Protein chains: 2
Amino acid sequence: MKKQRHKTDIVSVANLAGVSAATVSRALNHPDLVQPATRKKIDQAIRKSGYIRNRAAQTIHGRRSGTIGLVVPTVAYAIFAELVQAFNDAVSERGFTLLLASHGYDLDTEYGLVRKLLEHRVDALALIGLDHSADTYRVLREQNVPTLAIWNFDAESPVSCVGVNNAEIGGIAADHLIMLGHRRIGTIFPSTGENDRARSRKSAAFERFRAAEADLDETWQIQTPYSIAQAKDACLDLLARQDRPTALLCGNDVIAQGAIYAAVKLGLSVPKDISIIGIGDFAGSAELEPALTTVRIPARRIGAIAAEHLAAAVDRAEEDFLVRTRFEAELIMRATTAVARTK
Amino acid sequence: MKKQRHKTDIVSVANLAGVSAATVSRALNHPDLVQPATRKKIDQAIRKSGYIRNRAAQTIHGRRSGTIGLVVPTVAYAIFAELVQAFNDAVSERGFTLLLASHGYDLDTEYGLVRKLLEHRVDALALIGLDHSADTYRVLREQNVPTLAIWNFDAESPVSCVGVNNAEIGGIAADHLIMLGHRRIGTIFPSTGENDRARSRKSAAFERFRAAEADLDETWQIQTPYSIAQAKDACLDLLARQDRPTALLCGNDVIAQGAIYAAVKLGLSVPKDISIIGIGDFAGSAELEPALTTVRIPARRIGAIAAEHLAAAVDRAEEDFLVRTRFEAELIMRATTAVARTK
DNA sequence: AAAATTAATGAAAACATTTGCATAACTATT
DNA sequence: AATAGTTATGCAAATGTTTTCATTAATTTT
């Protein structure tokens, strides 16, 4: 065989089956409208010719593209991997395919990605958080594609959202440390410039700490990206000092993991010498030794519900899609926090 | 404003700019063919109308769809998250968008996903490993879409591949343990039924162990999915026994991580009481305490090169795309393995 | 058995774009 | 100044589907 490229489109299938293209189309989309006998002929023709429908042609005709876009900061770290998986599972179960894009925490890049996904005529679009450029919000409004912000809940969000209240989460984590008697507190957060999740958590936590008149020594407040290696590194410096905090609030579990490793490496006992609390409760956090105390964000459920909302909006062809679903965060007390020792 | 849905297609832009649709198309695709002045008018019209090109229409016309498909078993665990990220970065950099699908280690599901991606007319397609159903291989051959298997290298692979030799990797890991004097060996692998990576590693390792006349007590060989929690669980049983191996070879770093936690939890010292070696060298493995000895698979580089190959194949519109790139695996000695104690 | 209804199929228009060919308006050459 | 060559643009065909409308065939009703 020379070139198998004898374009196998719907009319070649129709010819092979001895029917019209319209009938083939119907056999595929509304099988009940075509006689079983013809359907069988068509099935055989399809099988024989190795025909695969052209989704682009359907899309152009005005049908759904059958794709849903998801834009995340990154998928490399556990933070979003679980979410992506859950979202993809749910979306896929409903017959959609996922278009994935990641911007590395840069909101201008994100705008470009959103445009690209819109060029592909995604039927719906999910973003992470509510921090997005004005351009992004504008284009989403103009195109009127069902859009949903995943991860944080905000009763006044300009677009639909499914997630948790990050300020509350920061509060929960802070309260836990305060309740255990900690008054010398260190925090490790990523840059909060273009990350509303981290920003809300951090400022809420600081508020509580200040109200409790905790010592928030400047040098105990570190900034590091979401990376185990970098968090561990940063913590090695902090924890090696004689004058260190008694508790560490970490922006998320990845950072907390780094912090724990740093402590173990330095021979410090967690939680006796230092209490550590994370945020997220990612896969693996429960298995850490010692097991991580953290505030659980139900990533899988959030991802699944988000997908469900969007798929439903597409199916119902909703004009003005707007839902806001709030998930409750929950303190998961494990083994990395303990009552503060009186110094 | 009532409904912004005054379909803003290329002709409405053309009208607004006072030119023909063809000219607008050219301004977008071959800017050098249209006069700067007209280009400017068109730019303004586009800006004003909020026009976003319809990729589906281009695709249908025979142009590239601008998408590349990636089918993975899962993205939830660190195993593939890094790879997906690297692949996506590289693909995106070259102007493509990623269509992601995951099948949860089920090759029939995988076939369905591949078909779906082909319906979307992906310009190229990447799969993980070389274990795929006959249907999958057939449809890929028929459609003649540049396809590439990521993760393992095989000089006789039926499709292009970029990766490592998993048998070699299994050998490297086994040799390391043997060289350290271990003769009582436990292994923890996932089900090798539909996973050629694990299968190759495992059988190669067993070969070496047998050649060294190691004790491979049946009850020391465990099967568990790629999950920290389940691996830890399984290891708790194994390591609690009086009669336990002196070294553990883990199917990958995720499993190894679970094994380490199990050992720590039982108060065993790694590597004094038990040596543990992983495979993969995922993000975070170096930071573990104790740091994990493992065989490095350069996931990021593999993902990037894979994307590069595919993008190039698309750009050159290659008829018969076939490349095979081998990456060398490398033993990374860290702190979880040590010389076997004479019992 | 004729008329009316229903079921199955086909012809053709529509979808949003790209591109080959044709045309018109310049610019350069003699 | 007439001709040839170039450049910028428009027209219309083509891409692979779906769907409306029309037509024919089969079935039911009278």
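All of these numbers come straight from a predicted model, not from anything done at the bench.
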Participant: Give one of base, sugar-phosphate or nothing for R26(B), where a contact means two heavy atoms less than 4.0 Å apart.
Facilitator: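 Since a base atom lies under 4.0 Å of R26(B), the category is base.
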Participant: Give a yes or no answer on whether the side chain of D123(B) reaches the backbone of I68(B) with a donor-acceptor pair at less than 3.5 Å.
Facilitator: no
Participant: Decide whether H120(A) and T67(B) meet the rule of one side-chain donor and one side-chain acceptor closer than 3.5 Å.
Facilitator: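 No.
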Participant: To the nearest 10°, let me know how far the axis at one end of the helix from dA1(C)-dT30(D) to dT30(C)-dA1(D) is tilted from the axis at the other, five pairs an end.
Facilitator: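 The end axes of the helix from dA1(C)-dT30(D) to dT30(C)-dA1(D) are about 40° apart, to the nearest 10°.
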Participant: Is the backbone N or O of D89(B) less than 3.5 Å from a side-chain atom of S92(B), with the two atoms forming a donor-acceptor pair by type?
Facilitator: no
Participant: Please check: side-chain N/O of T59(A) versus main-chain N/O of R55(A), any donor-acceptor pairing under 3.5 Å?
Facilitator: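 Yes.
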Participant: What is the distance, to the nearest angstrom, from the CZ atom on R39(B) to the P atom on dT7(D)?
Facilitator: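 My rounded result for the distance is 15 Å.
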Participant: Rounded to the Å, how far apart are I60(A) CD1 and dT18(D) C1'?
Facilitator: 12 Å
Participant: Would you call D135(A) and R115(A) a salt bridge, using N to O less than 4.0 angstrom?
Facilitator: no
Participant: When you get a sec, tell me which of dC11(D), dT17(D), dT18(D) is the closest nucleotide to the side chain of R63(A)?
Facilitator: dT18(D)
Participant: Identify whether any heavy atom of R55(A) sits under 4.0 Å from a base atom; if not, whether one sits that close to sugar-phosphate; answer base, sugar-phosphate or nothing.
Facilitator: nothing
Participant: Parallel, tilted or perpendicular for H132(B) and Y137(B), by the 30°/60° rule?
Facilitator: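 Ring orientation of H132(B) relative to Y137(B): perpendicular.
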Participant: Has R26(B) got a side-chain atom pairing as donor or acceptor with V34(B)'s backbone, closer than 3.5 angstrom?
Facilitator: no
Participant: Write down the distance between CD (Q58(B)) and C1' (dT15(D)), rounded to a whole number of angstrom.
Facilitator: 13 Å
Participant: Please give, in whole Å, the distance from dT17(D) C1' to N15(A) CG?
Facilitator: 15 Å
Participant: With a 3.5 Å cut-off and heavy atoms only, can you find an N or O donor on one side and an acceptor on the other between the side chain of R121(B) and the base of dG16(D)?
Facilitator: no
Participant: If the cut-off is 4.0 Å, is T23(B) near the phosphate of dG10(D), judged by side-chain N/O to OP1 or OP2?
Facilitator: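 For dG10(D), OP1 or OP2 has a side-chain N or O of T23(B) closer than 4.0 Å.
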Participant: With heavy atoms under 4.0 Å as the rule, sort T59(B) into base, sugar-phosphate or nothing.
Facilitator: nothing
Participant: Search all heavy atoms of V159(B) against all heavy atoms of A149(B) and return the closest pair with its distance.
Facilitator: CG2-CB, 4.1 Å
Participant: Check this for me: does any side-chain nitrogen of one of R64(B) and D315(B) sit under 4.0 Å from a carboxylate oxygen of the other?
Facilitator: yes
Participant: Using a 4.0 Å cut-off to any heavy atom of chain A, which nucleotides of DNA chain C are the first and last in contact, reading 5' to 3'?
Facilitator: dA8(C) to dA16(C)
Participant: Taking R53(B)'s backbone N and O only, do any of them form a donor-acceptor pair with R121(A)'s side chain (distance below 3.5 Å, no angle check)?
Facilitator: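 Answer holds: yes.
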Participant: With a 3.5 Å cut-off and no angle check, do the side chains of S102(A) and Q85(B) form a donor-acceptor pair?
Facilitator: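 Short answer, yes.
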Participant: For residues 27-35 of chain B, which residues have at least one heavy atom under 4.0 Å from DNA chain D?
Facilitator: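 Hits under 4.0 Å, by residue number: V34(B), Q35(B).
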Participant: Select one nucleotide: of dA14(D), dT17(D), dT19(D), the one nearest the side-chain heavy atoms of H61(B).
Facilitator: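 Among dA14(D), dT17(D), dT19(D), the one nearest the side chain of H61(B) is dA14(D).
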